Trainee: 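What follows is a structure written as C-alpha coordinates; I'll ask about it next.
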Amino acid sequence: MIAEEREQGMADSMFGDDPKALQAVAEGDREAFKVLYHRYYTKLIRFVFRVTQRTDLAEEIVNDVMVVVWEKAATYKGTAKVSTWIFGIAYHKAIKTLQQWSRVNQPLDSDALQLAMLPDMERKIPDAQFSRDLQSTLTQLPAEQRAVVELTFYYGYSYPEIASIVSCPVNTVKTRMFHARRKLRELLPDGIEYPEP
Amino acid sequence: MKHEDNIRQLKSEHDSIEAVLPWYINGTLPLEECHQVEKHMETCLQCRAAMTELQNMQRAVQQSTDVALVERNNLQDVLSRIDKASSTASVARKQQYLSPQKLSSRWSIKQWLTNKVSHYWRVFMALPGGWRYTVVAQSLLLVLAGVMFTPSTEPVFTTLSASSAENSKQDNIRMRVVFAEDVLFRDIRHLLVNAKARIVDGPTPSGVYTLETIYAPDEVLQDVLDRWRAKALVRFVEPVSNIVVRN
Ligand SMILES: [Zn+2]
(Lines give C-alpha, C1' and ligand atoms only; values in the text may rest on other atoms or scores of the structure.)
Protein backbone atom coordinates (compact mmCIF):
# COMPACT_ATOMS: atom_id res chain seq x y z
CA MET A 1 0.00 0.00 0.00
CA ILE A 2 2.74 2.43 0.99
CA ALA A 3 4.87 1.39 -1.94
CA GLU A 4 1.89 1.98 -4.11
CA GLU A 5 1.54 5.48 -2.76
CA ARG A 6 5.16 6.12 -3.61
CA GLU A 7 4.58 4.92 -7.16
CA GLN A 8 1.62 7.21 -7.19
CA GLY A 9 3.89 10.13 -6.45
CA MET A 10 6.02 9.22 -9.46
CA ALA A 11 3.08 8.79 -11.75
CA ASP A 12 1.60 12.00 -10.43
CA SER A 13 4.55 14.03 -11.61
CA MET A 14 4.46 12.18 -14.91
CA PHE A 15 0.88 13.19 -15.59
CA GLY A 16 1.38 16.70 -14.30
CA ASP A 17 -1.73 18.25 -15.69
CA ASP A 18 -5.22 16.90 -15.90
CA PRO A 19 -5.58 16.94 -19.69
CA LYS A 20 -2.41 14.89 -20.05
CA ALA A 21 -3.63 12.39 -17.50
CA LEU A 22 -7.07 12.14 -19.04
CA GLN A 23 -5.57 11.71 -22.49
CA ALA A 24 -3.55 8.78 -21.15
CA VAL A 25 -6.64 7.36 -19.47
CA ALA A 26 -8.40 7.56 -22.82
CA GLU A 27 -5.61 5.38 -24.19
CA GLY A 28 -6.21 2.85 -21.43
CA ASP A 29 -3.41 3.86 -19.11
CA ARG A 30 -4.17 2.46 -15.68
CA GLU A 31 -1.48 4.47 -13.89
CA ALA A 32 -2.84 7.70 -15.27
CA PHE A 33 -6.23 6.62 -14.02
CA LYS A 34 -4.83 6.11 -10.53
CA VAL A 35 -3.40 9.61 -10.65
CA LEU A 36 -6.73 11.10 -11.57
CA TYR A 37 -8.43 8.98 -8.96
CA HIS A 38 -6.15 10.24 -6.21
CA ARG A 39 -6.40 13.77 -7.46
CA TYR A 40 -10.17 13.81 -7.45
CA TYR A 41 -11.40 11.24 -4.97
CA THR A 42 -11.44 13.42 -1.87
CA LYS A 43 -12.86 16.43 -3.67
CA LEU A 44 -15.58 14.35 -5.26
CA ILE A 45 -16.53 12.49 -2.10
CA ARG A 46 -17.01 15.75 -0.32
CA PHE A 47 -18.91 17.33 -3.16
CA VAL A 48 -21.22 14.38 -3.64
CA PHE A 49 -21.81 14.12 0.08
CA ARG A 50 -22.58 17.81 0.34
CA VAL A 51 -25.00 17.64 -2.54
CA THR A 52 -26.76 14.45 -1.50
CA GLN A 53 -26.33 14.64 2.29
CA ARG A 54 -26.10 10.87 2.13
CA THR A 55 -23.04 9.27 3.63
CA ASP A 56 -24.29 5.90 2.54
CA LEU A 57 -24.41 6.88 -1.11
CA ALA A 58 -21.43 9.17 -1.55
CA GLU A 59 -18.74 6.53 -1.94
CA GLU A 60 -20.75 4.42 -4.32
CA ILE A 61 -21.58 7.43 -6.46
CA VAL A 62 -17.95 8.54 -6.62
CA ASN A 63 -16.84 5.04 -7.56
CA ASP A 64 -19.37 5.07 -10.36
CA VAL A 65 -18.13 8.49 -11.43
CA MET A 66 -14.56 7.24 -11.65
CA VAL A 67 -15.62 4.23 -13.69
CA VAL A 68 -17.41 6.60 -16.06
CA VAL A 69 -14.24 8.70 -16.26
CA TRP A 70 -12.36 5.57 -17.31
CA GLU A 71 -14.94 4.54 -19.85
CA LYS A 72 -15.69 7.96 -21.33
CA ALA A 73 -12.27 9.61 -21.18
CA ALA A 74 -12.02 9.44 -24.97
CA THR A 75 -15.19 11.48 -25.34
CA TYR A 76 -13.77 14.43 -23.43
CA LYS A 77 -13.62 17.27 -25.91
CA GLY A 78 -11.35 19.70 -24.16
CA THR A 79 -13.79 22.60 -24.40
CA ALA A 80 -14.18 22.68 -20.62
CA LYS A 81 -11.59 22.09 -17.92
CA VAL A 82 -11.10 18.43 -16.97
CA SER A 83 -12.27 19.19 -13.45
CA THR A 84 -15.43 20.77 -14.79
CA TRP A 85 -16.06 17.68 -16.87
CA ILE A 86 -15.53 15.32 -13.93
CA PHE A 87 -17.57 17.43 -11.52
CA GLY A 88 -20.33 17.51 -14.13
CA ILE A 89 -20.42 13.72 -14.19
CA ALA A 90 -20.48 13.67 -10.40
CA TYR A 91 -23.22 16.26 -10.15
CA HIS A 92 -25.53 14.47 -12.54
CA LYS A 93 -24.89 11.10 -10.96
CA ALA A 94 -25.58 12.54 -7.53
CA ILE A 95 -28.85 14.16 -8.57
CA LYS A 96 -29.93 11.07 -10.45
CA THR A 97 -29.18 8.80 -7.52
CA LEU A 98 -31.10 11.11 -5.20
CA GLN A 99 -34.07 11.01 -7.50
CA GLN A 100 -33.90 7.24 -7.61
CA TRP A 101 -33.97 7.13 -3.86
CA SER A 102 -36.55 9.91 -3.91
CA ARG A 103 -35.45 10.95 -0.51
CA VAL A 104 -34.12 14.37 -1.28
CA ASN A 105 -32.96 16.55 1.59
CA GLN A 106 -32.37 13.85 4.11
CA PRO A 107 -31.08 15.81 7.10
CA LEU A 108 -27.44 15.44 7.94
CA ASP A 109 -26.59 12.92 10.59
CA SER A 110 -25.84 15.46 13.26
CA ASP A 111 -24.72 12.82 15.76
CA ALA A 112 -21.78 12.04 13.56
CA LEU A 113 -20.82 15.68 13.56
CA GLN A 114 -21.15 16.01 17.30
CA LEU A 115 -18.78 13.12 17.78
CA ALA A 116 -16.03 15.07 16.11
CA MET A 117 -16.24 17.97 18.53
CA LEU A 118 -14.75 18.61 21.88
CA PRO A 119 -16.90 20.95 23.93
CA ASP A 120 -14.03 22.75 25.62
CA MET A 121 -12.22 23.38 22.39
CA GLU A 122 -15.34 24.61 20.76
CA ARG A 123 -15.74 27.37 23.29
CA LYS A 124 -12.50 28.92 22.18
CA ILE A 125 -14.08 29.82 18.88
CA PRO A 126 -16.72 32.48 19.49
CA ASP A 127 -18.71 32.01 16.31
CA ALA A 128 -18.68 28.20 16.40
CA GLN A 129 -22.33 27.96 17.32
CA PHE A 130 -23.43 30.37 14.66
CA SER A 131 -21.26 28.69 12.10
CA ARG A 132 -22.75 25.33 12.97
CA ASP A 133 -26.27 26.69 12.71
CA LEU A 134 -25.46 28.01 9.31
CA GLN A 135 -23.89 24.73 8.27
CA SER A 136 -26.87 22.71 9.34
CA THR A 137 -29.16 25.19 7.60
CA LEU A 138 -27.18 24.70 4.42
CA THR A 139 -28.12 21.03 4.56
CA GLN A 140 -31.77 21.98 4.29
CA LEU A 141 -31.41 23.57 0.88
CA PRO A 142 -32.54 21.68 -2.20
CA ALA A 143 -29.67 19.67 -3.67
CA GLU A 144 -29.46 21.81 -6.82
CA GLN A 145 -29.04 25.00 -4.81
CA ARG A 146 -26.61 23.41 -2.41
CA ALA A 147 -24.49 22.26 -5.33
CA VAL A 148 -24.20 25.83 -6.61
CA VAL A 149 -23.28 27.09 -3.13
CA GLU A 150 -20.63 24.37 -2.71
CA LEU A 151 -19.16 24.76 -6.17
CA THR A 152 -18.85 28.49 -5.59
CA PHE A 153 -17.61 28.72 -2.05
CA TYR A 154 -15.75 25.48 -1.50
CA TYR A 155 -14.44 24.60 -4.93
CA GLY A 156 -14.10 28.16 -6.20
CA TYR A 157 -15.67 27.75 -9.62
CA SER A 158 -16.82 30.71 -11.72
CA TYR A 159 -20.48 30.88 -12.62
CA PRO A 160 -19.94 29.93 -16.27
CA GLU A 161 -18.03 26.87 -15.07
CA ILE A 162 -20.84 25.96 -12.69
CA ALA A 163 -23.33 26.39 -15.51
CA SER A 164 -21.27 23.90 -17.47
CA ILE A 165 -21.04 21.45 -14.55
CA VAL A 166 -24.75 21.42 -13.78
CA SER A 167 -25.75 21.88 -17.45
CA CYS A 168 -27.92 24.93 -17.14
CA PRO A 169 -27.87 28.58 -18.29
CA VAL A 170 -25.71 30.99 -16.26
CA ASN A 171 -28.82 32.84 -15.16
CA THR A 172 -30.13 29.68 -13.54
CA VAL A 173 -26.88 29.42 -11.57
CA LYS A 174 -27.33 32.96 -10.31
CA THR A 175 -30.98 32.31 -9.50
CA ARG A 176 -30.15 29.17 -7.53
CA MET A 177 -27.61 31.07 -5.50
CA PHE A 178 -30.12 33.84 -4.93
CA HIS A 179 -32.76 31.39 -3.69
CA ALA A 180 -30.24 29.64 -1.49
CA ARG A 181 -29.43 32.95 0.18
CA ARG A 182 -33.08 33.80 0.66
CA LYS A 183 -33.76 30.39 2.13
CA LEU A 184 -30.86 30.69 4.57
CA ARG A 185 -32.16 34.07 5.64
CA GLU A 186 -35.58 32.55 6.34
CA LEU A 187 -34.22 29.59 8.23
CA LEU A 188 -31.80 31.45 10.44
CA PRO A 189 -33.56 33.52 13.07
CA ASP A 190 -30.99 36.29 12.97
CA GLY A 191 -30.25 36.13 9.29
CA ILE A 192 -26.86 35.32 7.85
CA GLU A 193 -25.13 37.96 9.93
CA TYR A 194 -22.59 36.87 12.48
CA PRO A 195 -23.66 37.86 15.98
CA GLU A 196 -21.83 40.79 17.55
CA PRO A 197 -18.90 39.60 19.65
CA MET B 1 -41.25 59.72 -16.17
CA LYS B 2 -37.57 60.28 -16.53
CA HIS B 3 -37.11 59.81 -12.81
CA GLU B 4 -38.90 56.46 -12.91
CA ASP B 5 -36.71 55.29 -15.75
CA ASN B 6 -33.72 56.24 -13.76
CA ILE B 7 -34.88 54.27 -10.75
CA ARG B 8 -35.68 51.28 -12.89
CA GLN B 9 -32.22 51.40 -14.38
CA LEU B 10 -30.57 51.62 -10.97
CA LYS B 11 -32.67 48.72 -9.76
CA SER B 12 -31.65 46.55 -12.65
CA GLU B 13 -28.01 47.47 -12.16
CA HIS B 14 -28.31 46.55 -8.51
CA ASP B 15 -29.96 43.23 -9.32
CA SER B 16 -27.33 42.23 -11.81
CA ILE B 17 -24.48 43.25 -9.52
CA GLU B 18 -25.94 41.51 -6.49
CA ALA B 19 -26.38 38.35 -8.52
CA VAL B 20 -22.65 38.07 -9.23
CA LEU B 21 -21.37 38.99 -5.76
CA PRO B 22 -20.71 35.34 -4.78
CA TRP B 23 -18.20 35.08 -7.60
CA TYR B 24 -16.71 38.44 -6.77
CA ILE B 25 -16.06 36.91 -3.36
CA ASN B 26 -14.59 33.67 -4.65
CA GLY B 27 -12.32 35.59 -6.97
CA THR B 28 -13.49 34.21 -10.29
CA LEU B 29 -15.23 37.28 -11.64
CA PRO B 30 -13.53 38.78 -14.71
CA LEU B 31 -11.64 41.97 -13.97
CA GLU B 32 -14.07 44.20 -15.81
CA GLU B 33 -17.01 42.89 -13.84
CA CYS B 34 -15.02 43.33 -10.63
CA HIS B 35 -14.61 47.00 -11.43
CA GLN B 36 -18.35 47.33 -12.00
CA VAL B 37 -19.05 45.62 -8.69
CA GLU B 38 -16.64 47.86 -6.81
CA LYS B 39 -18.02 51.00 -8.38
CA HIS B 40 -21.57 49.97 -7.60
CA MET B 41 -20.77 49.08 -4.02
CA GLU B 42 -19.45 52.54 -3.33
CA THR B 43 -23.02 53.73 -3.26
CA CYS B 44 -25.12 50.61 -2.57
CA LEU B 45 -25.59 49.73 1.08
CA GLN B 46 -27.71 46.72 0.17
CA CYS B 47 -24.90 45.15 -1.80
CA ARG B 48 -22.45 45.80 0.98
CA ALA B 49 -24.75 44.01 3.39
CA ALA B 50 -25.09 41.20 0.88
CA MET B 51 -21.31 40.94 0.75
CA THR B 52 -21.12 40.32 4.49
CA GLU B 53 -23.89 37.79 4.26
CA LEU B 54 -22.21 35.92 1.43
CA GLN B 55 -18.84 35.97 3.15
CA ASN B 56 -20.47 34.32 6.15
CA MET B 57 -21.95 31.72 3.86
CA GLN B 58 -18.54 31.09 2.37
CA ARG B 59 -17.04 30.68 5.79
CA ALA B 60 -19.72 28.23 6.88
CA VAL B 61 -19.27 26.18 3.73
CA GLN B 62 -15.52 26.08 4.11
CA GLN B 63 -15.70 25.13 7.75
CA SER B 64 -18.06 22.24 7.25
CA THR B 65 -16.79 18.98 8.63
CA ASP B 66 -16.80 15.68 6.87
CA VAL B 67 -13.17 14.76 7.10
CA ALA B 68 -13.87 11.22 8.28
CA LEU B 69 -15.76 10.52 5.13
CA VAL B 70 -12.95 11.48 2.82
CA GLU B 71 -10.24 9.35 4.32
CA ARG B 72 -11.50 6.09 2.95
CA ASN B 73 -10.23 4.82 -0.31
CA ASN B 74 -11.95 2.55 -2.76
CA LEU B 75 -9.30 2.47 -5.42
CA GLN B 76 -9.03 -1.32 -5.46
CA ASP B 77 -12.75 -1.76 -6.04
CA VAL B 78 -12.74 0.75 -8.83
CA LEU B 79 -9.63 -0.78 -10.40
CA SER B 80 -11.17 -4.21 -10.46
CA ARG B 81 -14.25 -2.73 -12.07
CA ILE B 82 -12.26 -0.99 -14.78
CA ASP B 83 -10.17 -4.13 -15.27
CA LYS B 84 -13.33 -6.04 -15.95
CA ALA B 85 -14.37 -3.34 -18.37
CA SER B 86 -11.03 -3.23 -20.15
CA SER B 87 -10.50 -6.97 -20.38
CA THR B 88 -13.36 -7.02 -22.85
CA ALA B 89 -12.19 -3.89 -24.61
CA SER B 90 -8.56 -5.12 -24.70
CA VAL B 91 -6.98 -1.81 -23.84
CA ALA B 92 -3.24 -1.43 -23.95
CA ARG B 93 -1.58 -0.93 -20.62
CA LYS B 94 1.54 1.11 -20.11
CA GLN B 95 3.11 0.36 -16.81
CA GLN B 96 6.70 -0.08 -17.81
CA TYR B 97 7.85 3.34 -16.59
CA LEU B 98 7.03 2.44 -13.03
CA SER B 99 9.44 -0.41 -12.59
CA PRO B 100 10.67 -0.61 -9.00
CA GLN B 101 14.31 -0.14 -10.05
CA LYS B 102 13.57 3.37 -11.18
CA LEU B 103 12.29 4.31 -7.78
CA SER B 104 15.75 4.65 -6.35
CA SER B 105 16.28 6.84 -3.36
CA ARG B 106 18.75 8.93 -5.33
CA TRP B 107 15.97 9.94 -7.67
CA SER B 108 13.82 10.67 -4.69
CA ILE B 109 16.28 13.08 -3.12
CA LYS B 110 16.74 15.05 -6.28
CA GLN B 111 13.07 15.16 -7.01
CA TRP B 112 12.31 15.98 -3.41
CA LEU B 113 14.67 18.95 -3.35
CA THR B 114 13.40 20.31 -6.65
CA ASN B 115 9.82 19.96 -5.62
CA LYS B 116 10.52 21.28 -2.19
CA VAL B 117 12.00 24.56 -3.34
CA SER B 118 9.27 25.34 -5.82
CA HIS B 119 6.60 24.15 -3.46
CA TYR B 120 7.77 26.33 -0.60
CA TRP B 121 8.00 29.26 -2.91
CA ARG B 122 4.42 28.79 -4.04
CA VAL B 123 3.17 28.31 -0.49
CA PHE B 124 5.16 31.31 0.59
CA MET B 125 3.77 33.55 -2.11
CA ALA B 126 0.25 32.41 -1.29
CA LEU B 127 0.61 33.48 2.33
CA PRO B 128 -0.76 36.79 3.48
CA GLY B 129 1.84 39.48 4.23
CA GLY B 130 2.12 38.88 7.96
CA TRP B 131 2.61 35.17 7.50
CA ARG B 132 5.46 35.70 5.09
CA TYR B 133 7.54 37.45 7.66
CA THR B 134 6.80 34.76 10.19
CA VAL B 135 7.80 32.09 7.73
CA VAL B 136 10.98 33.90 6.76
CA ALA B 137 11.90 34.26 10.41
CA GLN B 138 11.18 30.61 11.11
CA SER B 139 13.03 29.40 8.07
CA LEU B 140 16.09 31.34 9.16
CA LEU B 141 15.85 29.73 12.56
CA LEU B 142 15.51 26.33 10.97
CA VAL B 143 18.53 26.88 8.77
CA LEU B 144 20.51 28.00 11.79
CA ALA B 145 19.33 25.01 13.78
CA GLY B 146 20.23 22.76 10.86
CA VAL B 147 23.75 24.20 10.68
CA MET B 148 24.30 23.91 14.39
CA PHE B 149 22.87 20.49 14.99
CA THR B 150 23.48 18.54 11.82
CA PRO B 151 23.95 14.99 13.02
CA SER B 152 26.71 12.84 11.67
CA THR B 153 24.28 10.11 10.69
CA GLU B 154 22.83 9.80 7.23
CA PRO B 155 20.20 12.34 6.36
CA VAL B 156 16.76 10.92 6.84
CA PHE B 157 15.02 12.78 4.07
CA THR B 158 15.02 9.93 1.65
CA THR B 159 13.71 6.52 2.36
CA LEU B 160 13.28 6.86 6.03
CA SER B 161 14.85 3.54 6.78
CA ALA B 162 17.58 2.00 4.72
CA SER B 163 17.37 -1.38 6.41
CA SER B 164 13.85 -2.31 5.60
CA ALA B 165 14.25 -5.97 6.47
CA GLU B 166 14.21 -5.54 10.22
CA ASN B 167 11.51 -2.97 10.06
CA SER B 168 8.15 -4.33 10.84
CA LYS B 169 7.75 -1.63 13.42
CA GLN B 170 6.73 1.93 12.73
CA ASP B 171 8.69 5.14 12.93
CA ASN B 172 7.55 8.59 13.84
CA ILE B 173 8.30 11.77 12.02
CA ARG B 174 7.97 15.26 13.39
CA MET B 175 6.94 18.20 11.30
CA ARG B 176 5.88 21.78 11.69
CA VAL B 177 2.46 22.54 10.40
CA VAL B 178 0.49 25.71 9.92
CA PHE B 179 -3.22 25.19 9.48
CA ALA B 180 -5.50 27.34 7.38
CA GLU B 181 -6.34 30.61 9.04
CA ASP B 182 -9.96 30.07 9.99
CA VAL B 183 -9.84 26.35 10.64
CA LEU B 184 -11.74 25.09 13.68
CA PHE B 185 -9.95 23.09 16.28
CA ARG B 186 -12.38 20.24 16.00
CA ASP B 187 -11.39 19.91 12.34
CA ILE B 188 -7.75 19.79 13.31
CA ARG B 189 -8.53 17.16 15.90
CA HIS B 190 -10.47 15.12 13.38
CA LEU B 191 -7.61 15.35 10.93
CA LEU B 192 -5.10 14.25 13.57
CA VAL B 193 -7.19 11.25 14.55
CA ASN B 194 -7.56 10.17 10.95
CA ALA B 195 -3.92 10.67 10.10
CA LYS B 196 -2.73 9.02 13.33
CA ALA B 197 -0.84 12.13 14.32
CA ARG B 198 -0.54 14.01 17.57
CA ILE B 199 0.46 17.47 18.64
CA VAL B 200 3.80 17.46 20.47
CA ASP B 201 4.23 21.21 20.63
CA GLY B 202 2.45 24.42 19.82
CA PRO B 203 0.66 26.29 18.68
CA THR B 204 3.33 28.95 18.84
CA PRO B 205 2.09 32.56 18.97
CA SER B 206 2.29 32.53 15.19
CA GLY B 207 0.17 29.37 14.98
CA VAL B 208 2.82 26.76 14.22
CA TYR B 209 2.14 23.26 15.54
CA THR B 210 4.73 20.54 15.85
CA LEU B 211 3.12 17.24 14.99
CA GLU B 212 4.35 13.71 15.27
CA THR B 213 3.00 11.15 12.92
CA ILE B 214 3.61 7.55 12.03
CA TYR B 215 5.02 6.43 8.74
CA ALA B 216 5.76 3.00 7.47
CA PRO B 217 9.38 1.83 7.15
CA ASP B 218 9.49 1.89 3.38
CA GLU B 219 7.75 5.20 2.99
CA VAL B 220 9.54 8.21 1.58
CA LEU B 221 9.43 11.32 3.73
CA GLN B 222 8.42 13.37 0.75
CA ASP B 223 5.27 11.30 0.41
CA VAL B 224 4.36 11.88 4.03
CA LEU B 225 4.88 15.60 3.60
CA ASP B 226 3.06 15.76 0.30
CA ARG B 227 0.14 13.92 1.77
CA TRP B 228 -0.09 16.51 4.50
CA ARG B 229 0.31 19.37 2.08
CA ALA B 230 -2.55 18.02 0.02
CA LYS B 231 -4.92 18.38 2.94
CA ALA B 232 -7.31 21.27 2.57
CA LEU B 233 -6.89 22.42 6.16
CA VAL B 234 -3.12 22.59 5.96
CA ARG B 235 -1.26 25.70 4.81
CA PHE B 236 2.33 24.84 5.41
CA VAL B 237 4.29 21.71 6.24
CA GLU B 238 7.95 21.38 6.95
CA PRO B 239 9.90 18.49 8.45
CA VAL B 240 11.57 19.16 11.76
CA SER B 241 15.08 18.66 10.52
CA ASN B 242 16.32 15.12 10.85
CA ILE B 243 14.27 14.18 13.85
CA VAL B 244 13.09 10.66 13.50
CA VAL B 245 11.84 8.95 16.58
CA ARG B 246 12.12 5.21 16.42
CA ASN B 247 9.84 3.21 18.60
ZN1 LIG C 1 -26.60 47.03 -5.05
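Each chain gets a letter, A, B and so on, in the order its sequence line appears, and its residues count up from 1. Please read these numbers as outputs of a predicted model, since none were measured by experiment.
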Trainee: Counting only non-hydrogen atoms closer than 4.5 Å, does A:Val173 touch chain B with its backbone (N, CA, C, O), its side chain (CB onward), both, or neither?
Mentor: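 For A:Val173, heavy atoms of backbone and side chain both lie under 4.5 Å from chain B.
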Trainee: Rounded at 0.5 Å granularity, tell me how far CH2 in A:Trp70 sits from CG in A:Asp29.
Mentor: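 A:Trp70 CH2 to A:Asp29 CG: 7.0 Å, rounded to 0.5 Å.
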Trainee: For each of A:Glu71, A:Met177, A:Met66, tally heavy-atom pairs with chain B at distances under 4.5 Å, and name the one with the top tally.
Mentor: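 Of A:Glu71, A:Met177, A:Met66, A:Met177 has the most heavy-atom pairs under 4.5 Å with chain B.
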Trainee: Going through the distances and angles, do B:Asp15 and B:Lys11 end up as a salt bridge (charged side-chain N to carboxylate O under 4.0 Å, His left out)?
Mentor: CA-CA 6 Å; B:Asp15 286 347; B:Lys11 173 85 176 90; 2.9 Å; yes
Trainee: Highest number of heavy-atom pairs under 4.5 Å with chain A: which of B:Leu29, B:Val78, B:Leu21?
Mentor: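 Max contact count across the listed options: B:Val78.
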Trainee: Does A:Lys34 count as lying over the ring of A:Tyr37, i.e. NZ or CZ under 6.0 Å from the six-ring centre, within 45 degrees of the axis?
Mentor: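 A:Lys34 over A:Tyr37 ring: no.
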Trainee: Need one label for A:Asp64: side chain, backbone, both or neither, based on atoms under 4.5 Å from any heavy atom in chain B.
Mentor: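 Backbone plus side chain of A:Asp64, per the 4.5 Å heavy-atom cut-off to chain B.
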Trainee: Could you walk me through whether B:Glu18 and A:Lys174 pass salt bridge (charged side-chain N to carboxylate O under 4.0 Å, His left out), step by step?
Mentor: CA-CA 9 Å; B:Glu18 193 184 7; A:Lys174 293 177 186 173; over 6 Å; no
Trainee: Given heavy-atom pairs under 4.5 angstrom as the criterion, report whether the side chain, backbone, both or neither of A:Leu44 touches chain B.
Mentor: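 Answer is neither: A:Leu44 stays 4.5 Å or more from chain B.
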Trainee: Quick check with a 6.0 Å cut-off and a 45 degree axis cone: is A:Arg50 positioned over the face of A:Tyr154's six-membered ring?
Mentor: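 Because its charged atom misses either the 6.0 Å distance or the 45° angle limit, A:Arg50 does not stack over A:Tyr154.
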